[in-house]
There are 2 protein chains.
Amino acid sequence: MTSREESAETLRRAGHRVTSAKLLVMEALRHAGDHLSATSVIYQVRRDAPHVSESTVYRTLGALRDSRLISETTFGHGEVAYEWLEKRPHHHLVCSQCGVVYELSDEVVIGFAKQLSDTHGFDADLQHLAVPGICLDCSRGSEVAGK
Amino acid sequence: MTSREESAETLRRAGHRVTSAKLLVMEALRHAGDHLSATSVIYQVRRDAPHVSESTVYRTLGALRDSRLISETTFGHGEVAYEWLEKRPHHHLVCSQCGVVYELSDEVVIGFAKQLSDTHGFDADLQHLAVPGICLDCSRGSEVAGK
DNA sequence: CCCTCAGATGCAACAACTTGCAAGAGCGAG
DNA sequence: CTCGCTCTTGCAAGTTGTTGCATCTGAGGG
């Protein structure tokens with residue numbers, strides 16, 4: 001089964017119609033294998049199919065996010081990043097100083113979610129968390145610079 | 001000392017100039033004592049001083065956020081919410097279904113931050129976290145509805 | 001009390017989305 | 001194969017927030 005057919009099947013299972021616009025957006029995110037900004041997705045899609053409008057891409061991204069096929073994350077104060085969700089759930093540590101993004105394994109986050117559930121009865125939906133902060137390199141660097 | 005004078009003093013300590021625009025933004029957030037959207041802040045400020053431009057309010061909010069005088073939080077997929085930071089750090093549980101926002105004590109979050117520090121050497125900056133999920137009421141409600 | 005200048009502001013253009021509406025297109029029924 | 005319902009899409013206008021630039025002003029130095 002080709003990648004396109006898989007995508008089509010996934011769409012159907014999620015209750016969407018199979019349209020070229022949705023397939024293009026999905027393929028762009030799958031092949032990127034990384035975070036893509038909405039703008040990048042638009043660029044990728046329109047490179048193959050210039051007739052697809054921006055609003056369609058935005059709406060498709062929203063629909064795929066609602067169906068849990070892709071994740072939507074806000075890194076810092078910039079654009080929104082989208083990512084194909086085939087892998088295990090994972091999270092990110094974003095350094096506010098150097099901007100580097102580290103992957104964070106799910107375990108620590110699961111423990112956190114369990115605590116929220118135990119203490120507040122709140123069923124946290126932490127499918128894709130972005131935690132701001134200062135990475136090791138930067139905190140070392142500023143110590144040196146501070147002296 | 002009046003509230004305005006306190007705000008002025010706070011501004012000076014943070015290395016800002018004391019201007020009427022900044023004071024108005026600060027007063028709006030202090031008196032609200034709750035989250036305000038950027039739009040609400042603009043409305044409040046311009047009610048007292050119609051000449052202040054939107055961009056000034058946005059820039060002021062950004063500057064105050066950078067100086068850690070106010071917090072900036074993204075609830076769900078809507079606008080950005082600002083809040084005066086006089087109280088202890090606190091966090092929020094946002095129900096994706098009913099939209100209710102619960103306060104979350106700092107303790108659970110501190111534990112989470114410590115884990116990130118221990119396992120990844122990452123100094124997380126969780127001054128104002130918003131956790132999406134489903135609240136107790138809604139998860140009960142959907143159980144009943146589902147039967 | 002006046003000068004100076006970096007920081008603050010207003011304005012308008014720009015960027016990043018969102019939405020209303022009419023036209024188009026999957027896909028299940030017949 | 002055709003019909004028709006409903007989901008999608010394109011277009012254009014509307015929000016929400018950001019940025020470049022010229023002007024203005026708070027506040028320390030003279």
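Chain identifiers are assigned alphabetically (A, B, ...) following the order of the sequence lines, protein sequences preceding nucleic acid strands; residue numbering begins at 1 within each chain.
When all heavy atoms of B:Ala28 and B:Leu36 are compared, the closest pair comes out as O-CD1, 3.8 Å. Closest approach of B:His92 to B:Leu104, counting heavy atoms only: N-CB, 4.2 Å.
Listed by residue number, the members of residues 17-24 of chain A with any heavy atom below 4.0 angstrom from DNA chain D are A:Arg17, A:Thr19, A:Ala21, A:Lys22.
Between A:Arg65 atom CZ and C:dC17 atom P there is a gap of 12 Å when expressed in whole angstrom units. In this structure, CG of A:Leu11 is placed 14 Å from C1' of C:dC27, rounded to the nearest angstrom. The distance between atom CG of B:Leu64 and atom P of C:dT9, rounded to the nearest whole Å, is 10 Å. To the nearest angstrom, P of C:dC17 lies 8 Å from CD1 of A:Ile42. The OH atom of A:Tyr82 sits 10 Å away from the C1' atom of C:dA16 (whole-angstrom rounding). If you take CD of A:Glu9 and P of C:dG26, they are 17 Å apart, rounded to a whole angstrom. Put simply, CD on A:Glu54 is 14 Å from C1' on C:dT19, counting in whole angstrom units. Atom NE2 of B:His51 and atom C1' of D:dT25 are 13 Å apart (whole Å).
When distances run from any side-chain atom of A:Thr39 to the nucleotides C:dG10, C:dA16, D:dG10, the shortest one goes to C:dA16.
Classified by interplanar angle (parallel below 30°, tilted 30° to 60°, perpendicular above 60°), the ring pair A:Phe112/B:Phe112 is parallel.
Residue-to-nucleotide contacts include a donor-acceptor pair under 3.5 Å from the side chain of B:Ser55 to the base of C:dC11.
Along DNA chain C, the nucleotide nearest to A:Tyr58 and the one nearest to B:Val57 differ in position, and the one closer to the 5' end is contacted by B:Val57. Along DNA chain C, the nucleotide closest to A:Ala38 and the one closest to A:Arg59 are compared, and the more 5′ of them pairs with A:Ala38.
Not one side-chain nitrogen or oxygen of A:His16 sits closer than 4.0 Å to the OP1 or OP2 atom of D:dC7. The side chain of A:Thr56 places no N or O atom within less than 4.0 Å of a non-bridging phosphate oxygen (OP1 or OP2) of D:dT9.
Using a 4.0 Å heavy-atom distance criterion, A:Thr60 is classed as a sugar-phosphate-only contact.
Side-chain atoms of A:Thr56 never come within 3.5 Å of backbone atoms of A:Val52 as a donor-acceptor pair (strictly under, hydrogens ignored). A donor-acceptor contact shorter than 3.5 Å links the side chain of B:Thr10 to the backbone of B:Glu6.
Rounded to 10 degrees, the angle separating the terminal helix axes of the helix from C:dC1-D:dG30 to C:dG30-D:dC1, each built from five base pairs, is 20°.
Considering only heavy atoms from C-beta on, A:Leu29 comes within 4.5 Å of A:Tyr82 through its side chain. Contact check for A:Leu116 versus B:Val108: side-chain heavy atoms found under the 4.5 Å cut-off.
Sequence neighbours left out, the pairs with a member in residues 12-23 of chain B that pass side-chain hydrogen bond (donor to acceptor under 3.5 Å, both in side chains) are B:His16-B:Ser67.
If you check the side chains of A:Glu27 and A:Ser7, you find a donor sitting under 3.5 Å from an acceptor.
Among B:Ile70, B:Leu69, B:Val57, the one residue that satisfies the side-chain contact (heavy atoms from CB on, under 4.5 Å) test with B:Val25 is B:Val57.
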